[in-house]
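All remarks here apply to the structure that follows.
For clarity, every value in this text was computed on a predicted model and none was experimentally measured. Each chain gets a letter, A, B and so on, in the order the sequences are listed, and its residues count up from 1.
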Amino acid sequence: MPGLSGVPTTEVEQKKKDFTSDQEVRWCPGCGDYAVLASVQGFLPELGLARENIVFVSGIGCSSRFPYYMNTYGMHSIHGRAPAIATGLASSRPDLSVWVVTGDGDALSIGGNHLIHALRRNVNVTILLFNNRIYGLTKGQYSPTSEQGKITKSTPMGSLDAPFNPVSLALGAEATFVARTIDSDRAHLTSVLRAAAAHRGTSLVEIYQNCNIFNDGAFEILKNSDTRDEVLIRLEHGEPVRFGVDAEHGIRRNPSTSGLEICSGDDPNVVVHDAHASDPSRAFALSRLADPGTLARTPIGIFRQVERPAYGDLMNDQVDRAVETQGEGDLATLLAGNDTWTVE
Amino acid sequence: MESATAVRGWAQGPGQTKAVSGHTTSERARDGAIDQEASHAVTAKQVRELDRVVIRFAGDSGDGMQLTGDRFTAETASFGNDLSTLPNFPAEIRAPAGTLPGVSSFQLHFADHDILTPGDAPDVLVAMNPAALKANLADLPKGATLIVDTAEFTPRALKKVGYAASPLDDSSLSAYKVHAVDLTGMTMKALEPFNLSRKEASRSKNMFALGLLSWMYGRSIDGTVTFLQTKFATKAAIREANITAVKAGWNYGETTEDFAVSYEIKPAPMAAGRYRNITGNLALSYGLVAASQQSKLPLFLGSYPITPASDILHEMSKHKRFGVRTFQAEDEIAGIGAALGAAFGGALGVTTTSGPGVALKSETIGLAVALELPLLIVDVQRGGPSTGLPTKTEQSDLLQAMFGRNGEAPVPIVAAASPADCFDAAIEAVRIAVTFRTPVFLLSDGYLANGSEPWSIPDVSSLPVIEPDFATEPNHVSDDETAPAEFWPYLRDPETLARPWAVPGTAGLEHRIGGIEKADGIGTISYDPANHDHMVRTRQAKVDNVDVPDLEVDDPTGDARLLVLGWGSTFGPIGAGVRRARRAGHSVAQVHLRHLNPLPANTGEVLRRYDRVLLPEMNLGQLALLLRARYLVDIISYNQVRGLPFKAEELADVIMKEDEQL
């Protein structure tokens with residue numbers, strides 16, 4: 001897998017428990033974070049990496065406790081800065097598999113700047129963005145992904161802010177891998193993780209995650225078997241974009257606006273999803289289908305997956321090239337410079 | 001100052017001071033072939049010997065005054081004088097032409113003996129326009145030499161800075177030795193063969209001025225010719241024009257009756273060794289590269305451009321062949337964040353900034369304190385608060401470095417004393433960071449950053465070796481001896497109190513660290529009150545425990561009652577002030593603090609040894625506050641925040657006044 005090339009592997013068979021630390025997990029009972037943790041711990045053995053070469057870096061928030069529960073190297077850092085810290089680590093240590101665990105407040109509010117710059121640089125890290133559309137750790141204020149008008153402790157008359165769409169944001173920030181998945185759909189979550197880990201460069205995985213204390217049921221419409229088929233659009237590379245109980249709806253291009261619109265599932269113009277398209281505009285248009293208020297027409301899956309050199313690889317190439325063309329540095333020569341005089 | 005009169009022959013002319021490596025000073029002074037091109041002008045002019053000179057080049061910020069100063073400095077360094085420089089320029093890249101705020105200057109003090117400062121007042125002012133004259137005239141003592149470019153003294157330019165009439169035409173400059181010279185006009189004339197535009201040709205006037213001053217003070221222009229050949233290697237016309245201008249300036253001095261005397265300043269006696277001239281930012285950069293080599297830790301610099309620290313980022317980015325990785329981050333926070341991430345991975349993590357950047361990095365410095373990882377924060381201080389005076393110097397970040405974080409977050413602090421000392425201070429700061437697993441502040445300032453002095457190039461084998469001593473195996477066996485050995489990330493070295501540095505990739509040592517309080521030893525999250533109290537005290541004890549050398553007081557007569565104390569870049573001016581006071585018959589002791597946290601163990605004893613302690617600082621008394629609180633000594637502060645280093649004479653006055661009261 002290109003995303004993990006250079007990371008040492010092991011022949012020893014690994015199990016979920018090998019990635020489980022001895023620390024008691026302290027999320028609220030029923031939190032969606034448990035499902036994500038179990039999925040990640042269950043998925044990592046599949047990669048066959050030397051456990052000591054895996055690092056989880058997090059910021060602040062409920063999700064950011066994640067590293068403590070992983071039996072790998074880990075750093076629980078400060079609010080919003082995990083992408084910056086991971087950038088230094090990943091670009092100076094290409095032999096590591098570096099993961100960032102963050103939330104909607106951590107990544108998109110206080111850490112928004114670091115997120116977009118990690119994406120544009122294409123640092124070789126996988127970012128798991130747990131989006132529960134609420135501030136959980138500080139007990140229930142609205143977040144940058146909360147729907148407008150949301151009543152919370154800090155917005156008794158409703159929030160005024162328009163929410164971010166994290167997928168649209170990432171695509172606008174030159175991201176090379178952008179996906180969305182849901183905490184409760186383990187098979188889908190695992191398949192997205194697999195692709196994200198395989199990708200060289202920054203992989204952004206938005207995970208809809210339920211906060212059962214402060215924003216319970218935020219994604220219920222996407223999870224409930226009575227409603228989900230009508231609102232959830234599953235993106236598969238190379239497949240027509242259809243949804244509905246019997247795939248009776250489709251997505252096609254509106255020739256007059258060049259935007260996307262809903263059509264009948266058997267419309268001959270239903271678009272075929274191309275996650276590898278170099279032009280991100282189709283992926284962006286797909287990301288705009290979702291209604292930020294109701295979550296109707298929410299696509300999940302991999303929106304974009306394209307190749308571009310990873311930041312650390314470019315940085316290390318420059319170091320190698322400097323040594324190749326100029327030779328290894330000699331300290332005495334450097335200190336002396338070209339303009340000296342001698343006193344005897 | 002003038003000590004002898006002699007007639008100078010060609011031995012001091014241009015062309016004889018071949019650059020440089022391997023020639024001894026005395027050889028270079030003797031060695032000499034006649035420059036045939038200039039030899040038509042041989043006139044036996046008077047040569048006076050001086051022991052020291054201060055020259056200030058001043059002009060518009062687009063006039064190339066910094067380059068002119070740099071070149072004169074390079075030739076002066078090669079010649080073997082001791083020297084010290086003070087560049088002074090506006091924050092605007094191109095302030096409106098001909099205005100007072102747009103004036104840029106470069107002051108150089110050079111001597112036949114050891115000197116400590118760039119000089120209080122110029123002996124010679126070169127003013128390229130009325131604004132430069134007006135902005136600098138107040139600093140010029142009576143009797144000093146003034147060289148002005150008459151071409152720029154037009155009614156419009158005069159009016160722009162508020163001169164009703166040209167000061168060259170009335171008696172307002174009668175106190176000075178004025179040389180009103182058409183520098184621009186003569187430059188244009190000399191460059192006629194090159195078919196340059198008026199604008200292009202006139203741009204070489206700074207090189208004409210450099211040539212003239214080089215003649216006046218017996219400097220070679222060879223190095224400058226070589227410099228121009230390299231700089232304009234692909235631009236033949238510009239190259240030849242500038243070379244012609246510098247030679248024309250030299251020849252003008254040699255020929256004209258206006259300059260009847262030239263001066264000789266003999267090389268200064270210096271300790272044997274190989275020397276180069278170096279600025280603080282360059283020395284600091286080299287110190288970082290050296291520390292990386294001496295610790296065998298790959299250096300990762302995370303930085304965001306900020307004056308006056310950016311040159312360190314520029315310099316470090318040239319040294320990839322040493323394994324140096326430089327990262328220009330999206331902001332100050334990401335700069336230090338990436339450096340800390342790299343440190344977690346086993347790199348020498350460094351971030352470089354100035355005061356406003358430190359403010360933004362505070363939270364990450366606190367995280368590094370909690371993580372107990374090595375990290376170097378370089379603060380090249382400038383005038384504050386807020387944006388303050390970006391291009392000017394100040395020492396006002398001491399308390400920010402000391403306390404500017406939430407919680408009890410002690411950080412060792414090292415402050416460089418001179419431009420060349422930035423090299424050693426950088427290595428020392430890295431040694432502390434790596435040995436004690438802690439973030440460390442290295443304080444420089446705008447004066448050190450851009451100022452320069454001769455540097456005795458150290459022998460690499462004499463540099464300290466820094467041992468990272470990475471953890472490689474489990475360090476804890478539980479009571480149940482059948483259980484496998486564990487790795488405890490906060491199990492400390494009993495001597496240094498440093499925790500083990502186990503980097504990812506080391507099998508069996510997987511661990512998690514973070515900003516939440518940890519149980520000492522095992523390193524898991526702990527909210528236990530007793531543990532937190534213990535950890536806060538332990539982190540403080542670790543910093544207090546850093547091995548720093550005792551203060552050594554300079555008290556030559558042994559009977560001084562007044563101690564003058566300083567830290568950082570005031571070392572030179574205080575030393576010069578103390579020398580003056582001693583020459584005037586005062587017994588004065590001097591001591592300098594290089595380690596600000598922890599303070600040397602004998603600090604209290606030294607302070608109490610004297611009847612009075614005087615502490616000049618370029619802030620409102622920050623170190624005085626710390627020392628008074630800690631040692632209950634009634635320190636007398638002398639403070640200035642003018643964006644400029646102290647003047648030696650002014651400090652001498654203060655020192656003598658304090659001494660006289662005893």
Side-chain angles (χ1 to χ4, degrees), chain A residues 8 21 23 50-58 60 67-68 70-93 95-96 113-114 116-117 315-316 318-319 321-323 325-329 331-332 334-344, chain B residues 19-25 74 77-78 80 223 270-277 286 289-290 293 298 300 302 319-323 325 327 329-331 333-334 337-342 344-345 347 349 363-364 367 457-458 460 504-516 524-525:
Chain A
S21 80
Q23 295 298 295
R51 194 161 45 88
E52 63 270 19
N53 286 71
I54 300 175
V55 185
F56 280 82
V57 181
S58 65
I60 292 293
Y68 290 117
M70 298 297 301
N71 191 16
T72 61
Y73 281 89
M75 187 199 291
H76 178 211
S77 75
I78 44 178
H79 209 9
R81 318 302 172 199
I85 290 167
T87 294
L89 180 62
S91 48
S92 60
R93 288 290 305 271
D95 61 325
L96 301 178
N113 196 32
H114 308 306
I116 58 175
H117 289 279
M315 180 183 268
N316 293 317
Q318 285 197 342
V319 169
R321 210 162 67 229
V323 172
T325 56
Q326 306 160 22
E328 275 191 31
L331 187 57
L334 174 73
L335 301 187
N338 302 319
D339 215 354
T340 65
W341 69 96
T342 303
V343 175
E344 285 181 351
Chain B
V20 183
S21 309
H23 286 237
T24 66
T25 306
S78 294
M270 291 191 191
R274 201 166 168 213
Y275 288 81
R276 65 181 287 177
N277 193 53
Y286 285 179
V289 175
Q293 294 283 298
F300 186 98
H319 301 303
K320 295 180 170 60
R321 61 194 297 202
F322 287 89
R325 287 167 177 79
F327 171 62
E330 59 271 24
D331 60 22
I333 299 170
L340 183 60
F344 183 62
E363 190 187 16
T364 312
L367 176 64
I457 300 163
V460 169
T506 316
L509 307 193
E510 294 85 357
H511 64 281
R512 278 66 57 191
I513 54 178
I516 301 184
T524 49
I525 289 178

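- By number of non-hydrogen pairs under 4.5 angstrom with chain A, the leading residue of N277(B), D331(B), T364(B), T524(B) is D331(B).
- Interface remark: S77(A) contributes backbone and side-chain atoms alike to the contact with chain B (heavy atom separation under 4.5 Å).
- With a threshold of 4.5 angstrom between heavy atoms, L96(A) approaches chain B through side-chain atoms but not through N, CA, C or O.
- Contact annotation: the side chain of E52(A) never approaches that of T506(B) to less than 4.5 Å [non-hydrogen atoms, C-beta and beyond].
- With chain B as partner, the option from V323(A), T325(A), T87(A), N113(A) having the largest number of non-hydrogen pairs under 4.5 angstrom is N113(A).
- Both the backbone and the side chain of I513(B) come within contact range of chain A, each with at least one heavy atom under 4.5 Å from a heavy atom of that chain.
- Across A272(B), G302(B), G273(B), the residue that shares the most heavy-atom pairs under 4.5 angstrom with chain A is G273(B).
- Heavy atoms closer than 4.5 Å to chain B are found in both the backbone and the side chain of A332(A).
- Of all heavy-atom pairs spanning K320(B) and V319(A), the tightest one is O-CG1, 3.6 Å.
- Of the residues considered (A507(B), P504(B), G345(B)), P504(B) shows the highest number of contacts with chain A, using heavy-atom pairs under 4.5 Å.
- Only one option out of V55(A), I85(A), V57(A) pairs with F344(B) in a side-chain contact (heavy atoms from CB on, under 4.5 Å); it is V55(A).
- The shortest non-hydrogen separation linking R93(A) to G505(B) is NH2-CA, 4.1 Å.
- At a cut-off of 3.5 Å, with distance as the only test, no side-chain donor of N338(A) or R276(B) sits close to an acceptor on the other residue.
- Across D95(A), L334(A), I54(A), the residue that shares the most heavy-atom pairs under 4.5 angstrom with chain B is L334(A).
- One finds the CZ atom of R325(B) at 11.0 Å from the CD atom of Q318(A) (value rounded to the nearest 0.5 Å).
- Between chain B and the options M75(A), R321(A), Q23(A), the largest number of non-hydrogen pairs under 4.5 Å is found for M75(A).
- With a threshold of 4.5 angstrom between heavy atoms, E363(B) approaches chain A through its backbone and through its side chain.
- Of the atoms belonging to A339(B), not a single heavy atom falls under 4.5 Å from chain A.
- Only the side chain of F300(B) comes within less than 4.5 Å of a heavy atom in chain A; its backbone stays farther off.
- Every ring-ring contact (aromatic ring centres under 6.0 Å, His included) that Y73(A) has, sequence neighbours left out, goes to H511(B).
- Heavy-atom distances place no part of P298(B) under 4.5 Å from chain A, backbone and side chain included.
- Note that CG of L367(B) is 14.0 Å distant from NE2 of H79(A), once rounded to the nearest 0.5 Å.
- No part of A50(A) comes within reach of chain B, as not one of its non-hydrogen atoms sits under 4.5 angstrom from that chain.
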